Amino acid sequence: MARLIRKRETLLFLIIVVMIAIFSTRAADFATPDNLAGIFNDTSILIILALAQMTVILTKSIDLSVAANLAFTGMAIAMMNAAYPGLPLAVLILAAIVIGAALGTINGFLVWRLEIPPIVVTLGTLTIYRGMAFVLSGGAWVNAHQMTPTFLAVPRTPILGLPVLSWVAIIIVALMYMLLRYSQFGRSAYAIGGNPTAAVYAGIDTGRTKFLAFVLSGALAGLASYLWVSRYAVAYVDIANGFELDSVAACVIGGISIAGGVGSVAGTVLGALFLGVIKNALPVIGISPFTQMAISGTVIILAVAFNARRERNRGRIILRDRAAADTRTEAAA
């Protein structure tokens, strides 16, 4: 039992359960199934963006442009829906994924071929993509009355008690788990983050793997753009502003190492849900927005410190075991 609790995902799950129990003492309806389903639905887009971010971080990179990608792509498909209301929804969703993947391709190409540090590339494209959204729209908004009913209704449609938005997030979680655990790309991503030099000697194309990680991140951001615009029934330049930091925070809280190569899909999902519970609970118990920001920042710093300490302890254990093995070898000789 003690060993199970030491697992990051189990511990984080227990913390979330305790938080829900504590918050329910201040708001009686907080722990009801309907409210918890609502929290999951509210967090679904963050879960998708966090999984996109996780894929890049595993390869020892970072994508600060995911939210800007979402903003530009969301604006583009909202304008397409307003200008061509006869376009099938499947075409619009596919267009969102393709546009998002194209923006991710730009990031991946700059990191792969020009060998520019990922943080520099994505910090630049963050601004560029937001600017592109402004140029595309002329600073105007696309409102609900300009969008078709089908475009707006699908993510809200309930299936087996959950909206389609929640089911999309669940499907993406399952697909990302399968991809990262069982595919060659997933194994390569972990190998590159864990030991880039060894990965090269093992025949892994590190540049190409990072490139594919950015493309996948962009595609997920593109999918999230449709879900965001249709759920909130509005598209404007500043949508999802700051969500790139929330996606990184979800990964860090979930145990994804910023140094790469360490982390799980389950941890990322729990990290996103941790933030979702906090963001839904703090306003209910009367915490001001500025205090909420301070609390979220403190949690992120504590998570980073916890991760760093765990990785340092792991390194010490490896060295200790190696020293013990050397001692046994010398004794046998």
Side-chain angles (χ1 to χ4, degrees), residues 20 29-52 66-67 69-101 141-179 216-236 239-240 243 246-247 250 265 268-270 272-273 275-277 279-281 283-284:
I20 292 172
D29 296 335
F30 190 82
T32 60
D34 287 344
N35 189 63
L36 294 178
I39 291 174
F40 181 83
N41 194 58
D42 290 342
T43 314
S44 293
I45 295 175
L46 176 57
I47 288 173
I48 294 172
L49 286 183
L51 290 172
V66 285
N69 185 330
L70 185 157
F72 173 79
T73 307
M75 178 63 74
I77 62 165
M79 292 178 67
M80 288 173 62
N81 180 244
Y84 305 101
L87 279 177
L89 181 60
V91 172
L92 292 171
I93 295 174
L94 180 60
I97 295 172
V98 170
I99 294 171
W141 291 31
V142 181
N143 296 309
H145 69 273
Q146 298 171 268
M147 304 177 194
T148 61
T150 302
F151 183 89
L152 296 173
V154 169
R156 299 182 177 86
T157 304
I159 298 177
L160 299 177
L162 287 177
V164 168
L165 173 58
S166 295
W167 286 112
V168 171
I170 291 170
I171 291 170
I172 293 299
V173 169
L175 291 176
M176 289 298 294
Y177 174 82
M178 298 292 291
L179 177 69
L216 178 58
S217 175
L220 290 175
L223 174 62
S225 73
Y226 162 69
L227 298 172
W228 182 293
V229 170
S230 59
R231 181 171 192 265
Y232 295 108
V234 66
Y236 57 96
I239 62 172
F243 249 60
D246 286 346
S247 68
V265 169
T268 301
V269 173
L270 288 170
L273 289 174
L275 291 177
V277 170
K279 290 189 176 186
N280 278 270
V284 172

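Values in this document were obtained by computation on a predicted structure and should not be read as measured data. We number each residue from 1, following the sequence as shown.
- Note on ring orientation: taking the six-membered ring where Trp is involved, the planes of F243 and W228 are perpendicular (angle over 60°, cut-offs 30° and 60°).
- Taking OG from S44 and CG from L49, the interatomic distance works out to 11.0 Å, rounded to the nearest 0.5 Å.
- Judged purely by atom type and a 3.5 angstrom limit, Y226 has no side-chain atom pairing as donor or acceptor with the backbone of L94.
- In this structure a side-chain-to-backbone donor-acceptor pair under 3.5 Å is missing from N41 to L165.
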Side chain to side chain contact (heavy atoms under 4.5 Å, CB included) between I77 and N81, intermediate numbers included: CA-CA 6 Å; I77 62 165; N81 180 244; over 6 Å; no
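- We find the CG-OG1 distance between N35 and T32 to be 4.5 Å, quoted to the nearest 0.5 Å.
- A salt bridge links K279 with D246; the closest basic N to acidic carboxylate O contact falls under 4.0 Å.
- Rounding to the nearest 0.5 Å gives a distance of 5.5 Å between CE of M176 and CG of L220.
- With values rounded to the nearest 0.5 angstrom, L223 atom CG is found 9.5 Å from L70 atom CG.
- A distance of 12.5 Å separates CD1 of I172 from CD1 of I45, quoted to the nearest 0.5 Å.
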Side chain to side chain contact (heavy atoms under 4.5 Å, CB included) evaluation trace for V154 with V164: CA-CA 7 Å; V154 169; V164 168; 4.2 Å; yes
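- Distance alone, capped at 3.5 Å, is enough to place a donor-acceptor pair between the S230 side chain and the L227 backbone.
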Q146 vs N143, side chain to side chain contact (heavy atoms under 4.5 Å, CB included): CA-CA, chis, key distance, verdict: CA-CA 6 Å; Q146 298 171 268; N143 296 309; 3.9 Å; yes
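- Within the 3.5 Å criterion, the main-chain N or O of R156 finds no donor-acceptor partner in the side chain of R231.
- Note that CG of L270 and CD1 of I47 are 9.0 Å apart. Values are rounded to the nearest 0.5 Å.
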Steps toward side chain to side chain contact (heavy atoms under 4.5 Å, CB included) verdict (V265, V173): CA-CA 7 Å; V265 169; V173 169; 3.9 Å; yes
